[in-house]
Protein chains: 2
Amino acid sequence: MADLKAGVNQLFLREEELRTGMELLFYAYREFTSEPDEILGEIGFGRAHHRVIYFVGRYPKITVSELLAILKITKQSLSRVLGELVRQGFIDQQTGARDRRQRLLQLTDKGVELERQLSETQRQRIARAYRMAGAEAVEGFRKVMMGMLDDGDRAKFTPPAPARLATKR
Amino acid sequence: MADLKAGVNQLFLREEELRTGMELLFYAYREFTSEPDEILGEIGFGRAHHRVIYFVGRYPKITVSELLAILKITKQSLSRVLGELVRQGFIDQQTGARDRRQRLLQLTDKGVELERQLSETQRQRIARAYRMAGAEAVEGFRKVMMGMLDDGDRAKFTPPAPARLATKR
DNA sequence: CCAACCGCGTCAACATGGCTGACCTAAAAG
DNA sequence: CTTTTAGGTCAGCCATGTTGACGCGGTTGG
């Protein structure tokens, strides 16, 4: 009897635990994107622009195909937003030296400034959460989040440099 | 000299740490939604349908306005997907007893089955991540995620309405 | 009791950001 | 020299968000 009850309760907690995880992800992601979205809206951009700006800032001289591999969208989708960002002077493209088909992307000063502005609230939000939770919790957070990724994504965090640097250049 | 270097390095680590958090969120959310999205695509639904099904399953007899408050979308947006789900027999509506203007929403058997199917891969993903990371890490994960929410969302986890004790998590 | 408010639905129009498919150029690689 | 690759472009479709306007019926307070 006690065994049965304990079993049921454990199942309940487990179900509840998993649901909590799902919801935390939903709510956190939504809040996480809401503030940049507002700024973006004012200048006629959307979340897709932010992602491009972010990753170009993260990996200067990234190529279009590397960016596509990170974002996992089609080149037509990327092209729309990337084109606007280039035309409006947030990103510049330089022809690759080794392979002149490549367009190496990097933020202009204007792009750096926008990136900083957009990501500032997100950095603050994360910094606040890290501070409130403590170093040990942050380590746990990272472990769990890593566990949710597919191998391909996980690899981006483990090596000293992103995969692109390790492969042929 | 050593002091300066340490200071710089610490700043770098902090920046790196925050970026890691941002990216974990981005990648994890994308992977988290990708599998249900595939199933949904096959039956002509999208992610929005999943969210509605999920929260109606989570809170049976939820009203339309409560659902709107959770999803934070306009009633026109909700109406589109909710209408389809009702028409196709995944959700049924019953007039509120206390307030007959309300439509209390709940999953039909068909709806429960779809919810289970859609969320199964997500549950597995989270369960796997929790298992790999360990109980302590899960606790840290939850702390950090909670810290990223706004007060309104956070409140949903601390004192939810029914059937939830003051279990320390 | 009735006017005002509220819960919900609906029509119309628009924006964003995904998608497929077709087709192009120029550079690299065999 | 032919094929493959990196990148771009046009055209159209779809899902899902938005605003604004309006209607219906139920609730509620003066």
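Lettering of chains follows the sequences in order, A, B, ..., and the numbering in each one begins at 1.
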Got more than 12 heavy atoms from elsewhere within 6.0 Å of NZ, B/Lys61? no
Within this structure, what is the CG-to-P distance between B/Asp99 and D/dC24, rounded to whole angstrom? 19 Å
Could you tell me whether the side chain of A/Arg101 has a donor or acceptor atom within less than 3.5 Å of a complementary atom in the base of D/dT5? yes
For a 4.0 angstrom threshold against heavy atoms of chain B, report the outermost contacting nucleotides of DNA chain C in 5' to 3' order. C/dC6 to C/dC11
Plane angle bin for B/Phe32 and B/Tyr29 - parallel if under 30°, tilted between 30 and 60°, otherwise perpendicular: tilted
Before accepting this row, confirm whether a basic side-chain N of the pair B/Glu115/B/Arg58 lies closer than 4.0 Å to the acidic partner's carboxylate O. no
Output yes when A/Glu139 and A/Arg142 qualify as a salt bridge under the 4.0 Å nitrogen-oxygen rule, no when they do not. yes
Between A/Leu24 and B/Met132, is there shared hydrophobic-cluster membership here, with clusters defined by ILVMFWY side-chain heavy atoms closer than 4.5 Å? no
Counting only heavy atoms not in A/Glu136, do more than 12 sit closer than 6.0 Å to its CD atom? no
Under a 4.0 Å threshold between the charged nitrogen and the carboxylate oxygen, would A/Lys72 count as salt-bridged to B/Glu31? yes
Could you tell me the separation between the CG atom of A/Leu82 and the P atom of D/dA6, rounded to a whole number of Å? 16 Å
When you match B/Leu104 and A/Glu84 each to their closest nucleotide on DNA chain C, which lands nearer the 5' end? B/Leu104
Between the side chains of A/Arg87 and A/Glu84, is the shortest nitrogen-to-carboxylate-oxygen separation below 4.0 Å, so that they form an ion pair? no
Look at the side chain of B/Asp150 and the backbone N and O of B/Gly152, then say whether any donor-acceptor pair between them is shorter than 3.5 Å. no
May I ask you to list the residues of residues 27-47 of chain B, by number, that have any heavy atom positioned under 4.0 Å from an atom of DNA chain C? none
Contact class for B/Glu66 (heavy atom, under 4.0 Å): base, sugar-phosphate, or nothing? nothing
For B/Arg98 and D/dT28, what is the distance between atoms CZ and C1' respectively, to the nearest whole Å? 14 Å
Pair A/Glu113, A/Gln117: side-chain N/O donor-acceptor within cut-off below 3.5 Å: no
Whether B/Asp37 and B/Arg30 form a salt bridge (side-chain N of Lys/Arg under 4.0 Å from carboxylate O of Asp/Glu) is what I want to check. no
Given DNA chain C, 5'-ward residue of the pair A/Ala97 and A/His49, judged by closest heavy atom: A/His49
Can you give one letter per nucleotide of nucleotides 18-23 of chain D, 5' to 3': B if a protein heavy atom sits under 4.0 Å from the base, S if only from the sugar-phosphate, - if neither? BBBB--
